[in-house]
Amino acid sequence: MYQFTVSEGAAVGTSVGRVIATDADMGENTDMGYMISDQEGGQLFKVTTDVDTQEAVICIKKILERMIHSRIEPVVDSQLPREQAGFRRGRSTADQVTLLCQDIEDSFQNNEKAGVVYLDLTAAYDTVWHRGLHLKLLRTIPDRHMVKFIMETLSNRSFILQTSSGQCSRLRRLKNGVPQGSVLSPMLFNVYIHDLPDTVSNKYGYADDLAIMLSRPTWKAMEEGLNEDMGTLVAYLRRWRLQLSVGKTVAAAYHLSTREARRELQVHVDNKCLEVQQAPKYLGVRLDRTLSFKQHLEEVKAKVTSRVALIRRLAGTTWGASAKTLRISTQALVFSAAEYCAPVWSRSPHAIKENAEPFIAEARLASVQICIHSPTYHPPSFLRVPQWTS
């Protein structure tokens, strides 16, 4: 029986104590797992395993923030706009990339050109204006006592900067921003920008990753519409003390006209022309002019190939990690990279199948080959093999 004590004022994440079994085994059986059996204790504390010492580390959970999140989520989610998908139940980055690509494909069908501006906000979470957030929370959440309680959790926060040489700055107080790593921060940021102004362009958002798209028959009409909408958005951001990074905000044009392939989109912010990229990356996917996904698939192929080669070094015919370890490693490193946003590029009518087939075959065969080389061999069905439409 172990007994630990902790102050009620202890910070979230504080280590309460460590426990380790005294009858450790040898080899593969040395891996230990721990759990909190008491239901009430499981809500207040979490237990993790130190991979180096195999000790159980008991820490304080962010139970209060999770309780607030579960209480206000239904109220807040019902008032968020459809184009904002960041950290919402049942929504993902793949949804936003699919929606953007579908709208671009629709412009191709209508013989139009699509212009997209990918907005970049400087330190978006750290520049949230507390008074502005307070006002928007009062408009969103009907319980003013809950709003006051949330704002109190954001106030009176301070920090100290410590260098590698041991020098420390004086204590400074944070007047803006939402705490990094908090379960409430993404929802609070969604509330803060949920009232983006109406624009002619379609809007796509995943937290602070914003994009607007406008399709028109002519370049002039498309550029005029995008410039007008960017002026509207920049004015909104300044009003609520969010800063647009003009140097990192890029524009791109999507069309099937080879003759105009080198023409660049002219979009200005504060009399500065935005950088134009031929294949900008949005939520981890490179979108080229014709949506062939050639550059994206080349990057994914290189990533998958290097990760497969790395995992193959973990085992040989007579030595190495267990099949279970190889299975988890393959799913985490290989499948996650190969499957990301696969519904977008695998069904694109403009994607060249030859670009996708090599790394798809590599990912499909990796699980079988890795297990065969493991000294503890399992049948190929031991690994889930993803099925793509190539």
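Fair warning: this is a prediction, and the values are worked out from it, not measured in the lab.
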**Student:** Val300 and Ala337: which non-hydrogen atoms are nearest, and at how many Å?
**Tutor:**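 The pair with the smallest heavy-atom distance is CG1-O, 3.8 Å.
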**Student:** Could you pull out all residues at least two apart from Tyr192 that satisfy ring-ring contact (aromatic ring centres under 6.0 Å, His included)?
**Tutor:**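 None.
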**Student:** Find the distance between NE2 (His69) and CG (Leu188) and round it off to the nearest 0.5 Å.
**Tutor:**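 Here the interatomic distance stands at 9.0 Å.
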**Student:** Looking at Val191, Asn190, Val147, which one forms a side-chain contact (heavy atoms from CB on, under 4.5 Å) with Thr140?
**Tutor:**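 Going through the options one by one, the only one that passes is Val191.
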**Student:** Give a yes or no on whether Tyr340 and Leu297 share a hydrophobic cluster (residues Ile, Leu, Val, Met, Phe, Trp, Tyr; joining criterion: side-chain heavy atoms under 4.5 Å apart).
**Tutor:**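 Yes, Tyr340 connects to Leu297 through the hydrophobic network.
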**Student:** Which residues pass the ring-ring contact (aromatic ring centres under 6.0 Å, His included) test with Phe87, not counting sequence neighbours?
**Tutor:**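 ring-ring contact (aromatic ring centres under 6.0 Å, His included) list for Phe87, sorted by chain: Tyr206.
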**Student:** Considering only Ile, Leu, Val, Met, Phe, Trp and Tyr, and joining two whenever side-chain heavy atoms are under 4.5 Å apart, list the other residues clustered with Leu161.
**Tutor:**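 When side chains under 4.5 Å apart are linked, Leu161 ends up in no cluster with other residues.
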**Student:** Does Asn202 have any side-chain contact (heavy atoms from CB on, under 4.5 Å) partners at least two apart in sequence or in another chain, and if so, which?
**Tutor:**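 Residues passing side-chain contact (heavy atoms from CB on, under 4.5 Å) with Asn202: Asp103, Tyr204, Met213.
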**Student:** Any side-chain heavy atom of Thr290 sitting closer than 4.5 Å to one from Thr258?
**Tutor:**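 With C-beta onward as the side chain, the pair stays apart.
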**Student:** How many angstroms lie between atom CG of Leu135 and atom CH2 of Trp240, to the nearest 0.5 angstrom?
**Tutor:**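 Reported value, rounded in 0.5 Å steps: 5.0 Å.
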**Student:** Could you list who else is in Leu310's hydrophobic cluster, with ILVMFWY side chains joined at under 4.5 Å, directly or through other members?
**Tutor:**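 Besides Leu310, the hydrophobic cluster comprises nothing; the residue is isolated.
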**Student:** Keeping Gln96 on the side-chain end and Glu83 on the backbone end, is there a donor-acceptor pair under 3.5 Å?
**Tutor:**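 A pair under 3.5 Å: yes.
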**Student:** Can you classify the ring geometry of Phe293 versus His296 as parallel (below 30°), tilted (30 to 60°) or perpendicular (above 60°)?
**Tutor:**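 Answer is perpendicular, since the angle exceeds 60°.
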**Student:** Would you mind listing every salt bridge (charged side-chain N to carboxylate O under 4.0 Å, His left out) that reaches into residues 166-192, with sequence neighbours excluded?
**Tutor:**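 Passing the test, one end in residues 166-192: no pairs.
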**Student:** Does any N or O in the side chain of Thr330 come within less than 3.5 Å of the main-chain N or O of Val334, such that one atom is a donor and the other an acceptor?
**Tutor:**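 Not confirmed, Thr330 side chain does not pair with Val334 backbone.
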**Student:** Find out whether Leu196 and Pro81 are in side-chain contact, i.e. whether some heavy atom of one side chain is under 4.5 Å from a heavy atom of the other.
**Tutor:**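 No, their side chains stay 4.5 Å or more apart.
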**Student:** Begin with the C-alpha distance, continue with both residues' side-chain angles, and end with the deciding distance and a verdict on side chain to side chain donor-acceptor pair (under 3.5 Å) for Glu65 and Ser182.
**Tutor:** CA-CA 8 Å; Glu65 291 184 358; Ser182 170; 2.9 Å; yes
**Student:** Give me the atom names and distance for the closest heavy-atom approach of Ser336 to Arg307.
**Tutor:**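 Closest heavy-atom pair between Ser336 and Arg307: OG-NH1, 4.2 Å.
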**Student:** Under a 3.5 Å distance rule, please check whether Thr93 uses its side chain to pair with a backbone N or O of Leu283 as donor and acceptor.
**Tutor:**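 Between the backbone of Leu283 and the side chain of Thr93 there is no qualifying donor-acceptor contact (under 3.5 Å).
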**Student:** So does Gly86 get a backbone contact from the side chain of Gln84, meaning a donor-acceptor N/O pair under 3.5 Å?
**Tutor:**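 Yes, the answer is positive, given that a donor and an acceptor are paired below the 3.5 Å cut-off.
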**Student:** Give the minimum heavy-atom separation between Cys101 and Leu291, together with the two atoms involved.
**Tutor:**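 Smallest interatomic distance, heavy atoms only, reads O-CD1, 3.9 Å.
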**Student:** At what distance, to the nearest 0.5 angstrom, does CG of Asn176 lie from CG of Leu242?
**Tutor:**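 If I round to the nearest 0.5 Å, the distance is 10.0 Å.
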**Student:** When rounded to the nearest 0.5 angstrom, what distance separates OG in Ser70 from CD1 in Ile72?
**Tutor:**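 Between atom OG of Ser70 and atom CD1 of Ile72 there are 9.0 Å.
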**Student:** Taking the side chain as every heavy atom from C-beta outward, state whether Ile68 and Leu184 have any pair of such atoms under 4.5 Å apart.
**Tutor:**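 Yes; the side chains approach each other to less than 4.5 Å.
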**Student:** Pro142 versus Val75: any side-chain heavy-atom pair under 4.5 Å?
**Tutor:**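 Result yes, sub-4.5 Å side-chain heavy-atom pair found.
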**Student:** Give the minimum heavy-atom separation between Ala207 and Ile193, together with the two atoms involved.
**Tutor:**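 It is O-CD1, 3.5 Å.
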**Student:** Side chains of Tyr236 and Asp195, heavy atoms from C-beta outward: is any pair under 4.5 Å?
**Tutor:**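 Yes, their side chains come closer than 4.5 Å.
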**Student:** Supply the atom-to-atom distance Asn227 CG to Glu223 CD, rounded to the nearest 0.5 angstrom.
**Tutor:**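 It comes to 7.0 Å.
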**Student:** Going by ring-ring contact (aromatic ring centres under 6.0 Å, His included), name the residues that satisfy it together with Tyr282, two or more places apart in sequence or in a different chain.
**Tutor:**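 Partners of Tyr282 under the ring-ring contact (aromatic ring centres under 6.0 Å, His included) test: Tyr118.
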**Student:** Quick check against the 3.5 Å criterion: does Arg286 have a side-chain atom that pairs as donor or acceptor with the backbone of Ala279?
**Tutor:**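 Flag set: sc Arg286 to bb Ala279 pair under 3.5 Å.
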**Student:** Which residue pairs pass the salt bridge (charged side-chain N to carboxylate O under 4.0 Å, His left out) test with at least one member in residues 231-253, sequence neighbours excluded?
**Tutor:**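 Qualifying pairs, neighbours excluded: Arg238-Asp270.
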**Student:** Nearest 0.5 Å, what's the SG-CD distance between Cys273 and Glu264?
**Tutor:**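 If we round to the nearest 0.5 Å, Cys273:SG and Glu264:CD are 7.5 Å apart.
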**Student:** For His255, give me all partners under ring-ring contact (aromatic ring centres under 6.0 Å, His included), at least two apart in sequence or on another chain.
**Tutor:**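 If we apply the ring-ring contact (aromatic ring centres under 6.0 Å, His included) test to His255, skipping adjacent residues, the hits are Trp219.
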**Student:** Quick one: are His268 and Leu274 in side-chain contact, heavy atoms under 4.5 Å?
**Tutor:**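 SC-SC contact between His268 and Leu274 ruled out.
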**Student:** Please check: side-chain N/O of Glu275 versus main-chain N/O of Thr249, any donor-acceptor pairing under 3.5 Å?
**Tutor:**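 Side chain of Glu275 to backbone of Thr249: no pair is present.
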**Student:** Start with the C-alpha gap between Asp288 and Lys294, add the side-chain angles, then the distance that decides, and say whether salt bridge (Lys or Arg N to Asp or Glu O under 4.0 Å) holds.
**Tutor:** CA-CA 8 Å; Asp288 57 281; Lys294 182 178 180 180; over 6 Å; no
**Student:** Under the side-chain contact (heavy atoms from CB on, under 4.5 Å) rule, collect the residues that match up with Asp126, sequence neighbours excluded.
**Tutor:**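 Expected list: Ala123, Gln180.
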**Student:** Hydrogens and angles aside, do Ser201 and Asp229 bring a side-chain donor and acceptor to less than 3.5 Å of each other?
**Tutor:**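 Side chains of Ser201 and Asp229: pair found under 3.5 Å.
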**Student:** Can you run down the salt bridge (charged side-chain N to carboxylate O under 4.0 Å, His left out) pairs that involve residues 84-93, sequence neighbours left out, and say none if there aren't any?
**Tutor:**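 Output for this query lists Glu73-Arg89, Asp77-Arg88.
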**Student:** Is a side-chain N or O of Asn110 found less than 3.5 angstrom from the main chain of Asp106, in a donor-acceptor match?
**Tutor:**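 Indeed, once roles are kept as given, a pair shorter than 3.5 Å links the two residues.
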**Student:** Count the heavy atoms belonging to other residues, nucleotides or ligands that lie under 6.0 Å from NZ of Lys136, then report whether that count exceeds 12.
**Tutor:**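 Yes, NZ of Lys136 has more than 12 neighbouring heavy atoms, counting only those of other groups under 6.0 Å.
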**Student:** Can you check whether Leu154 reaches Leu133 side chain to side chain, under 4.5 Å on heavy atoms?
**Tutor:**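 The answer is yes; the side chains approach within 4.5 Å.
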**Student:** Find out whether Thr127 and Thr122 are in side-chain contact, i.e. whether some heavy atom of one side chain is under 4.5 Å from a heavy atom of the other.
**Tutor:**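 They are not in contact (no side-chain heavy atoms under 4.5 Å apart), so the answer is no.
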**Student:** Say whether, by atom type as modelled, one donor and one acceptor occur between the side chain of Ser245 and the main chain of Leu121 under 3.5 angstrom.
**Tutor:**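 Between the backbone of Leu121 and the side chain of Ser245 there is no qualifying donor-acceptor contact (under 3.5 Å).
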**Student:** Closest heavy-atom contact between Cys168 and Gln162?
**Tutor:**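 Here Cys168 and Gln162 meet closest at SG-CG, 3.7 Å.
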**Student:** For Ser107, enumerate each residue passing the side-chain contact (heavy atoms from CB on, under 4.5 Å) test, keeping only those at least two apart in sequence or located in another chain.
**Tutor:**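 Ser107 satisfies side-chain contact (heavy atoms from CB on, under 4.5 Å) with Ile104, Glu112, Ala114, Ser215 once adjacent residues are dropped.
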